[in-house]
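The block underneath contains the structure these notes are about, expressed in structure tokens.
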Amino acid sequence: MSTEKKETSAEELKEEKTEEEAKAETPKEKKPKKEAKKESKKEAEIRETAEKLINEEKEKYLRLAAEYDNFRKRSQKERESLYNDIKADTLLKFLPVYDNLERALKQATADEAYRKGVEMIMTQFNTTMEKLGVTEIEAAGQKFDPTLHNAVMHIEDESFGENEVVEVFQKGFKLNDKIIRFAMVKVAN
């Protein structure tokens, strides 16, 4: 009997231990669930905060990239504009040479070799101007346009149309779409 009692008591002890373990485990399981919920809420808050920070940094990066792209494009336009302005200023300084060559061609001369030499220089000058993108502003017979022409004289003559350019005193030129020099003209009516 003592062995049976020992066995029962051992069995009882095992049962008691399992009950105690069950009791001890249940509160432990409840605590981790609450803690897990608290931790998952904290993790969720941390995750949300991290995502917000990442999105803010991403937005800053995209703005910086857009600013740089705009800066690059603006700088390119400024360089091109500066180049065209310098080119126009340089060509403007050569236009008196063009005017003098034109005057020389209008003068009568007995020396044909001299005249042919001036014509060749004028042809070369015109070719160079064309290569640089300089075009002559059409004026004679055209309607007066204040964006292209500079009227220095005005006459009343019914044989011409209203605001018609009658005479060109000095040719005008433009570089692409930029006016280098306005055409100096006489306008009728």
Euclidean distance, Glu67 CD relative to Arg74 CZ, rounded to 0.5 Å: 9.0 Å
Carboxylate-amine/guanidinium contact Asp85 Lys178, below 4.0 Å: yes
Residues Lys143 and Glu162 bridged, charged N to O under 4.0 Å: no
Side chain to side chain contact (heavy atoms under 4.5 Å, CB included) involving Thr123 - partner list, sequence neighbours excluded: Thr127
Exam field: side chain Thr90 to backbone Ile86, donor-acceptor pair closer than 3.5 Å: yes
Residue pair Glu102, Lys171: steps toward the side chain to side chain contact (heavy atoms under 4.5 Å, CB included) verdict: CA-CA 10 Å; Glu102 195 172 62; Lys171 290 183 178 180; 2.9 Å; yes
NZ on Lys77 to CZ on Arg72, rounded to 0.5 Å: 11.5 Å
Set of side chain to side chain donor-acceptor pair (under 3.5 Å) partners for Lys186, sequence neighbours left out: Glu167
Audit row: Arg63, Glu59, salt bridge (charged side-chain N to carboxylate O under 4.0 Å, His left out) steps and yes/no: CA-CA 6 Å; Arg63 285 185 182 174; Glu59 191 174 315; 2.8 Å; yes
Reported CG-to-NZ distance for the pair Asp89 and Lys93, which is rounded to 0.5 angstrom: 6.0 Å
For Ser75, all residues meeting side chain to side chain contact (heavy atoms under 4.5 Å, CB included), sequence neighbours excluded: Phe71, Arg79
For the student: nearest non-hydrogen atoms of Asn100 and Arg103, plus distance: OD1-NH1, 2.7 Å
Plane angle bin for Phe125 and Tyr98 - parallel if under 30°, tilted between 30 and 60°, otherwise perpendicular: tilted
Distance (rounded to the nearest 0.5 Å) between Lys60 NZ and Leu62 CG: 12.5 Å
From CG (Asp177) to CD1 (Ile179), nearest 0.5 Å: 8.5 Å
Phe173 and Leu95, any side-chain heavy atoms less than 4.5 Å apart: yes
Shortest non-hydrogen contact from Val168 toward Ala140: CG2-N, 3.7 Å
Residue pair Val185, Val152: steps toward the side chain to side chain contact (heavy atoms under 4.5 Å, CB included) verdict: CA-CA 6 Å; Val185 296; Val152 292; over 6 Å; no
Considering all heavy atoms, the nearest Phe182-Thr147 contact: CE2-O, 3.1 Å
Single-linkage hydrophobic cluster Ile155~Phe169, side-chain heavy atoms < 4.5 angstrom: no
Pair Lys73 + Asp69: basic N to acidic O under 4.0 Å: yes
Pairwise distance CZ(Arg47) to NZ(Lys41) - rounded to 0.5 angstrom: 15.0 Å
Nearest heavy-atom neighbours spanning Val118 and Ala104: CG1-CB, 4.1 Å
Shortest non-hydrogen contact from Ala151 toward Val187: CB-CG2, 3.7 Å
Criterion side chain to side chain contact (heavy atoms under 4.5 Å, CB included) on Asn126 and Met122, from CA distance to verdict: CA-CA 6 Å; Asn126 284 332; Met122 187 63 156; 4.0 Å; yes
ILVMFWY network linking Val97 to Leu92, side-chain heavy atoms under 4.5 angstrom: yes
Salt bridge flag under 4.0 Å for residues Lys42 and Glu45: no
Lys87 (side chain) donor-acceptor with Leu132 (main chain) under 3.5 angstrom: yes
Side chains of Asp111 and Thr109, donor plus acceptor under 3.5 Å: no
Side-chain heavy atoms of Gln170 within contact of Arg181, under 4.5 Å: yes
Side-chain donor or acceptor of Asp157 paired with backbone N/O of Asn189 under 3.5 Å: no
Working for salt bridge (charged side-chain N to carboxylate O under 4.0 Å, His left out), residues Glu112 and Arg115: CA-CA 5 Å; Glu112 282 301 312; Arg115 179 166 186 78; 5.2 Å; no
Common cluster, Leu101/Phe94, ILVMFWY with side-chain heavy-atom separation under 4.5 Å: yes
